[in-house]
Amino acid sequence: MKTITVSSGKGGVGKSSITAIIALYLARKQNKQIVYADCDVDAPNAHILLNLKEKDFYEKEEIFASEKATLIAEKCIHCRKCVSEDICNFNAISWNKEKNIPEFNKYLCEGCGSCSLICPAKAIVLKKVKNATLRIAKTSYGFPLVTAQLEIGESGSGKIVTEVRKRAEKLAEKNKADLILIDGAPGIGCPVIASIQGTDYIVAVTEPTPAALHDLSRLITLAKYFQAKTGIIINKYDLNLKMTEKIETYAKEQNAPLLAKIPYDERFIKSLVWQDEILLQTLSETYVPDILKAIKSIQSFSI
Amino acid sequence: MPKTIAVTGGKGGTGKSTISTLLAIGLSKEYRVLLVDADADCPNLHIILKAKRKLLSEVKQTIPKWDFSKCIKCGKCSQVCKENAIVFVKGKYPIFVKEQCIGCNACRIICPTKAIGKAEQKIGAIYFSEINSLNLSNLHLISSEMLITYEETSPIVNALKKEVSKFKDKYDFVIIDTAAGTHCNVISALLGVDFALAVTEPTPLGAHDLSLILSLTKKLNIPAFVLLNKANMAKSKAEEIKSIATQFNTEIVSEIPYDKKIFEAYSSANLEKMPESLYKPLIDFIKKK
Ligand code: SF4
Ligand code: SF4
Ligand code: SF4
Ligand code: SF4
């Protein structure tokens, strides 16, 4: 079983659409058993692209992946140790003068436990918080989708991504799947690292803009750090041919081969706006064979 | 006191960076404007504005440092580390996995023999730019950039906000361009702003992500307004966006049509050449606010 992550430094370059058409093609045309994992837990949207309805989800689970400090006020002996320097490195504790107790900012607390360790009165406890809902659906394309939505105002995206991947792996084992296909998070921070760590192959999607190239280079550096084989797709390449050339040169320099150049194709937007399955299918047949061929011929990686 | 506005969007690629840059350019014709790039993962505004970045400060994080001569191999440090950054095997000294460490103090506090001290690691940097190249003397840019392989963006965004607060009084407007999504770093960027502009597009994804970001601003008690980008892309979906805005007691304050010119100006880093008429209603709205 292999794991492939489709990622992009910058958001909005077409990462999710490209993940979706790859999945469709592998499932429909090559009869592969895949598990689709949407790891963009901040703003998951594979379920929208795949036109899933509430009834398609057969499993739902709440995830408690992080903790936050809370005060048991009766126990506090007002020693102020928790607000002294070198305890909370995240500015999450302030002193409430009127009540003579510490106050915790739940948006800033990382749940590290330092304050609770220093408190001589055991007045600070870490409470698990629900930070996401994970859901599994059966899609009309035959493969299952594992997706999770970060609870609004919560943090810990990286941990949730790890949960999504764990569930996807379990499911893949059960189904004897050939492949886990991950729709990665945008950026290069915690959720992205969690989504590319330990994957066999990374498809980096970009577009011909200076900003996207800049983000791509950050993603490639990260991928190298994790020693993951990486290939690049330039989406909407014909919108700026000069920039596309620049990206190609960059790809060469980095030894990250160019897998495909996809033109600006209005059908992508249409398939998105109208959640049109037939259009998505057509798109997958138009673009995916070349991508798979390239991965195989250049990097002798077959899916 | 300047007015502080966050431009945010939930989803990436809705044109957040374009909008915040245009807004900053437009306002700077009359006011002193500080544009803040809070997308520490993937900062872009200096590229869009062709600005030279000058290093303002480095963002450092305190990490543990072991003095094994004092270590009694008890393994407590490993037990308390919530990030699994300390691996402990019985009878051996603990192994530190630097990449996982978020720089708290838990291991230092628990160590019974004071074998753990402090070291510093660089995690990012804050830059300042004047936009001379475009002759926009009233516009300054401050941006943050996280070191690659480092995980947590919020400490960098917090450091960025600290820098901003040092000299924000020199400006009439502070415009913060947040990262995509709704997690920690976006929250850090949103906390304390006067209001937020949520940039979205008329697609099912845009609608979905708009409701996420509006729930977040509601939770944080920040007034939010909706800006519909690429408005002409799908008329009927625009209605859906409208009803979401109404649901959250807010409104679409401006619509910007989809125009190939915008993408071209953006992709060749020539935003200042964009016809002002395309975004004038937005500027007028912000001025009135
Ligand atoms: S758990 Fe850690 S981050 Fe949260 S308040 Fe305590 S010391 Fe600060
Ligand atoms: S360390 Fe514990 S007892 Fe002391 S002020 Fe803080 S919460 Fe209260
Ligand atoms: S500082 Fe915190 S995160 Fe880092 S190793 Fe120590 S306990 Fe773990
Ligand atoms: S807690 Fe201190 S003494 Fe115990 S293993 Fe860790 S460093 Fe060594």
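Chain identifiers are assigned alphabetically (A, B, ...) following the order of the sequence lines, protein sequences preceding nucleic acid strands; residue numbering begins at 1 within each chain. No experiment lies behind these values; they were computed from the predicted model shown.
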Flag, side chain of [X] to backbone of [Y], donor-acceptor distance under 3.5 Å:
{"X": "A:Arg135", "Y": "A:Glu54", "answer": "no"}
{"X": "A:Thr230", "Y": "A:Ala228", "answer": "yes"}
{"X": "A:Asp40", "Y": "A:Asp183", "answer": "no"}
{"X": "B:Ser129", "Y": "B:Lys52", "answer": "yes"}

(request) Would you please go through residues 81-89 of chain A and name the residues with a non-hydrogen atom below 4.5 Å from one of chain B, in numerical order? (result)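 Answer by number: A:Asp86, A:Ile87, A:Cys88, A:Asn89.
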
(message) Would A:Lys130 pass as a cation-pi partner of A:Phe64, given that its NZ or CZ must be under 6.0 Å from the six-membered ring centre and within 45 degrees of the axis?
(response)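 Judged by the rule (NZ or CZ under 6.0 Å from the ring centre, within 45° of its axis), A:Lys130 is not positioned above A:Phe64.
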
With only heavy atoms counted, which part of [X] is less than 4.5 Å from chain B, the side chain, the backbone, both or neither?
{"X": "A:Glu266", "answer": "neither"}
{"X": "A:Leu213", "answer": "neither"}
{"X": "A:Lys270", "answer": "neither"}

Non-hydrogen atoms of [X] and [Y] that approach each other most closely:
{"X": "B:Cys77", "Y": "B:Ile116", "value": "CB-CD1, 3.8 Å"}
{"X": "B:Pro64", "Y": "B:Cys101", "value": "CD-SG, 3.8 Å"}
{"X": "B:Leu190", "Y": "B:Thr8", "value": "CD2-CG2, 4.4 Å"}

Measuring heavy-atom distances to chain A, does [X] have an atom under 4.5 Å in its side chain, in its backbone, in both, or in neither?
{"X": "B:Gln61", "result": "neither"}
{"X": "B:Leu45", "result": "neither"}
{"X": "B:Pro204", "result": "both"}
{"X": "B:Pro202", "result": "backbone"}
{"X": "B:Lys218", "result": "neither"}

(request) Apply side chain to side chain contact (heavy atoms under 4.5 Å, CB included) to A:Glu110 and B:Lys82, showing your working. (result) CA-CA 10 Å; A:Glu110 296 270 348; B:Lys82 303 268 179 199; over 6 Å; no

(request) Check whether any side-chain heavy atom of A:Asp56 lies under 4.5 Å from a side-chain heavy atom of A:Thr139, and answer yes or no. (result) no

(request) Among the options B:Ser215, B:Cys107, B:Cys104, pick out the one with the most heavy-atom pairs lying under 4.5 Å from chain A. (result) B:Cys104

